[in-house]
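This structure is in structure tokens; I'll ask about it shortly.
Values reported hereafter were calculated over all heavy atoms of this structure, with side chains retained and with hydrogens, waters and symmetry mates removed.
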Amino acid sequence: MGRSNKSLKNALHSQQTRLKAKEKVSHAVQISEQKARKLAGKPVSAGPSTGKGKRKANASSTQKSTIPFRSTDTILLIGEGNFSFARALARPLHSETGLAHLVHLPPNNITATTYDSEDDCYVKYHDARDIVASLRKWGVEVLFGVDATKLEWNSTFKGRRWSKIVWNFPHAGKGINDQDRNILSNQTLILGFLRSAAKFLKLGPVPIVNGRKKRKVSSEDEDRGEDEEMSDANRSIDSEMESHRGTILITLRNVPPYTLWDLPKLAKNPLPSAPGSTTPQPRYIILRSFAFHREIWDGYQHRMTKGARAHGTGKTGEGGEDRTWEFCLKDIPNP
């Protein structure tokens, strides 16, 4: 097992080195373009929002956004923190127009979980107690102490499968200052989650992505795990296909160091097995990726995982966007 773990670390480290080199080239090109635009007298970037017309902006964001859920979905939420995303999905009434909502999604179709114990959760997130009370009142299943890498250890999940398993902003939360070790820690976390979650996805044919367009794939794209039929925000899963294979949705900041985790490759071309496991690592198909707009989810507030940062004082990367990746299993695992 020690040799296997060392091999995994070496492979992930090699992958990080390649990605860092690419990030440096990309950054240099971006700086060069900004200088050229400045010399040409063109604006480098748009100015900050004035804060006016917030409701109108929300409506515009919703029109441009991908809402990856249907009213018939069964949804398992992982690592919920203060459970505000679960509340946004389950909230029966919406006070503002232009916010994402699923009018006919039964709250009892949602299972919301967090890694923390119930007591720890309420200490870390001062608003969690009231949110959980509302969720339970509406009929949402709320579970504490759920390890995303060991879902099979939870007896409540025995024999169950979901059409969507969602993890927004996963993070190991170990407070490691060394970037390489931090990246490795989070890659290991995601590999463990992808292995464990595979057993709880609905069975069926591969979902059809509407408007799917093929593009030429370079050897570099293949190395990073990019799909030759990647779909973006204006494409959707075929809503008529009620019994399709379940999917996993993972949302991350689309800026370094999160891009260095190389989520697409971890899903599509993983190493043979995750550390501490003899179970073969499943392979996934990348169905699409799309921008995640926090503002369209009514009352959603991203919370970080460690110390004072858990109360919203930490930062999750400057600039860029949040991005969701949606995957389904390439092959159905043996029961």
Practice prompt. Determine, stepwise, if the pair W162 / F157 fulfils ring pair (Phe, Tyr, Trp, His ring centres under 6.0 Å).
Written response: CA-CA 10 Å; W162 285 267; F157 295 163; 5.3 Å; yes

Discussion item. Please identify which of these residues, V142, I110, D130, meets the side chain to side chain contact (heavy atoms under 4.5 Å, CB included) condition with L135.
Written reply: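 With L135 as partner, side chain to side chain contact (heavy atoms under 4.5 Å, CB included) holds for just one option, V142.
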
Worksheet item: So N154 and T113, side chain to side chain contact (heavy atoms under 4.5 Å, CB included) or not? Walk me through it.
Response: CA-CA 11 Å; N154 194 309; T113 74; over 6 Å; no

Worksheet item: For residues N182 and S185, is any side-chain donor paired with an opposing acceptor at under 3.5 Å?
Response: no

Discussion item. Would you say that K124 contacts D116 through its side chain, given a criterion of any heavy-atom pair below 4.5 Å between the two side chains?
Written reply: yes

Worksheet item: Is any side-chain heavy atom of I285 closer than 4.5 Å to a side-chain heavy atom of L329?
Response: no

Fill in: Minimum-distance pair of heavy atoms, taken over all atoms of D298 and A88
O-CB, 3.5 Å

Fill in: Atom pair CD1/OH of I183 and Y258 - distance to nearest 0.5 Å
11.0 Å

Worksheet item: In terms of hydrophobic clusters joined by side-chain contacts under 4.5 Å, are F193 and W153 together?
Response: no

Worksheet item: Do the non-hydrogen side-chain atoms of P170 and L252 ever get within less than 4.5 Å of each other?
Response: yes

Worksheet entry | Smallest separation among heavy atoms of P207 and C328, with atom names |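 Closest pair (atom of P207, atom of C328, distance): CD-SG, 3.8 Å.
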
Item to complete: Start with the C-alpha distance between R283 and N269, add both sets of side-chain angles, then the distance that settles side chain to side chain contact (heavy atoms under 4.5 Å, CB included), and finish with yes or no.
Response: CA-CA 6 Å; R283 291 178 178 269; N269 295 312; 3.2 Å; yes

Fill in: CZ on F327 to CD1 on I248, rounded to 0.5 Å
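It is 8.0 Å, given to the nearest 0.5 Å.
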
Discussion item. Within the 3.5 Å criterion, strictly below it, is a donor on Q301 or R303 matched to an acceptor on the partner's side chain?
Written reply: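 Indeed, the side chains of Q301 and R303 share at least one donor-acceptor pair under 3.5 Å.
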
Item to complete: Spell out, as yes or no, whether a donor-acceptor pair under 3.5 Å connects the side chain of Q179 to the backbone of P257.
Response: no

Worksheet item: Mind checking whether Y115 and L191 sit in one hydrophobic cluster, side chains of I, L, V, M, F, W, Y counted as touching below 4.5 Å?
Response: no

Discussion item. Quick one, I75 and N109 - any side-chain contact, counting heavy atoms below 4.5 Å?
Written reply: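 Not in contact.
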
Worksheet entry | Beyond-backbone contact of R87 with S134, side-chain heavy atoms, under 4.5 angstrom |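 No, too far: nothing below the 4.5 Å cut-off.
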
Worksheet item: Do N82 and S84 have a side chain donor and acceptor closer than 3.5 Å?
Response: yes

Worksheet item: Is the shortest heavy-atom distance from the side chain of H171 to the side chain of N186 under 4.5 Å?
Response: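 Yes, their side chains come closer than 4.5 Å.
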
Worksheet item: So, does S117 use its side chain to make a donor-acceptor pair with the main chain of G145 at under 3.5 Å?
Response: no

Item to complete: Applying side chain to side chain contact (heavy atoms under 4.5 Å, CB included) between T111 and each of I78, L76, I165, report the one that passes.
Response: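 Exactly one candidate clears the test, L76.
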
Worksheet item: Would R195 and E152 satisfy salt bridge (Lys or Arg N to Asp or Glu O under 4.0 Å), going step by step from the backbone distance to the final call?
Response: CA-CA 10 Å; R195 176 197 56 77; E152 62 275 13; 3.4 Å; yes

Worksheet item: Can you tell me if R129 uses its side chain to pair, donor with acceptor, with the backbone of Y122 under 3.5 Å?
Response: no

Fill in: Smallest separation among heavy atoms of Y284 and L194, with atom names
OH-O, 2.6 Å

Worksheet item: Just by modelled atom types, is the L203 backbone N or O under 3.5 Å from a matching donor or acceptor in the R245 side chain?
Response: no

Item to complete: Identify the two heavy atoms, one from I286 and one from P264, that lie closest to each other, and give their separation to 0.1 Å.
Response: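 I286 and P264 have their closest heavy atoms at CD1-CB, 3.8 Å.
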
Worksheet item: Should the pair D73-R70 be classified as a salt bridge under the 4.0 Å nitrogen-to-oxygen rule?
Response: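 Answer for the salt bridge query: yes.
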
Worksheet item: Does a side-chain heavy-atom distance below 4.5 Å link H302 with N168?
Response: no

Worksheet item: Which heavy atom of A197 sits nearest a heavy atom of L151, and at what distance?
Response: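 Shortest heavy-atom contact: CA-CD1, 3.9 Å.
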
Worksheet item: Is a side-chain N or O of R323 found less than 3.5 angstrom from the main chain of R253, in a donor-acceptor match?
Response: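 No, R323 side chain to R253 backbone: no donor-acceptor pair under 3.5 Å.
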
Worksheet item: Should the pair F85 and Y300 be assigned to parallel (<30°), tilted (30 to 60°) or perpendicular (>60°) ring geometry?
Response: perpendicular

Practice prompt. Could you tell me which residues satisfy ring pair (Phe, Tyr, Trp, His ring centres under 6.0 Å) with F83, sequence neighbours excluded, listed by chain and number?
Written response: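 Testing F83 for ring pair (Phe, Tyr, Trp, His ring centres under 6.0 Å), a comparison that skips the adjacent residues, returns F144.
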
Discussion item. Can you give me the closest heavy-atom contact between H293 and S65, atom names plus distance?
Written reply: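 Reported closest heavy-atom pair: CD2-OG, 2.7 Å.
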
Worksheet item: Does the pair T247 and E326 meet the rule for a side-chain hydrogen bond (donor to acceptor under 3.5 Å, both in side chains), with working shown?
Response: CA-CA 7 Å; T247 64; E326 185 166 14; 2.7 Å; yes

Fill in: From L189 atom CG to L184 atom CG, the distance as rounded to the nearest 0.5 Å
11.0 Å

Discussion item. Regarding D322 and R294, does a basic nitrogen lie under 4.0 Å from an acidic carboxylate oxygen?
Written reply: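 So D322 pairs with R294 through a salt bridge.
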
Item to complete: Evaluate the side chain to side chain contact (heavy atoms under 4.5 Å, CB included) criterion for residues F292 and F169: first the C-alpha distance (whole Å), next the side-chain angles of each, then the deciding distance (0.1 Å), finally the verdict.
Response: CA-CA 11 Å; F292 176 90; F169 306 103; 4.1 Å; yes

Fill in: side chain to side chain contact (heavy atoms under 4.5 Å, CB included) evaluation trace for D120 with Y125
CA-CA 9 Å; D120 288 346; Y125 312 110; over 6 Å; no

Worksheet item: Does the side chain of F69 come within less than 4.5 Å of L105's, by heavy atoms?
Response: no

Item to complete: May I ask you to decide whether E118 forms a salt bridge with R136, counting only side-chain N to carboxylate O separations under 4.0 Å?
Response: yes

Item to complete: Quick one: pull up OG in S289 and CG in L249 and give me the separation to the nearest 0.5 Å.
Response: 11.0 Å

Worksheet item: Can you tell me how far CD of E80 sits from CG of L143, rounded to the nearest 0.5 angstrom?
Response: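 One gets 11.5 Å once the value is rounded to the nearest 0.5 Å.
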
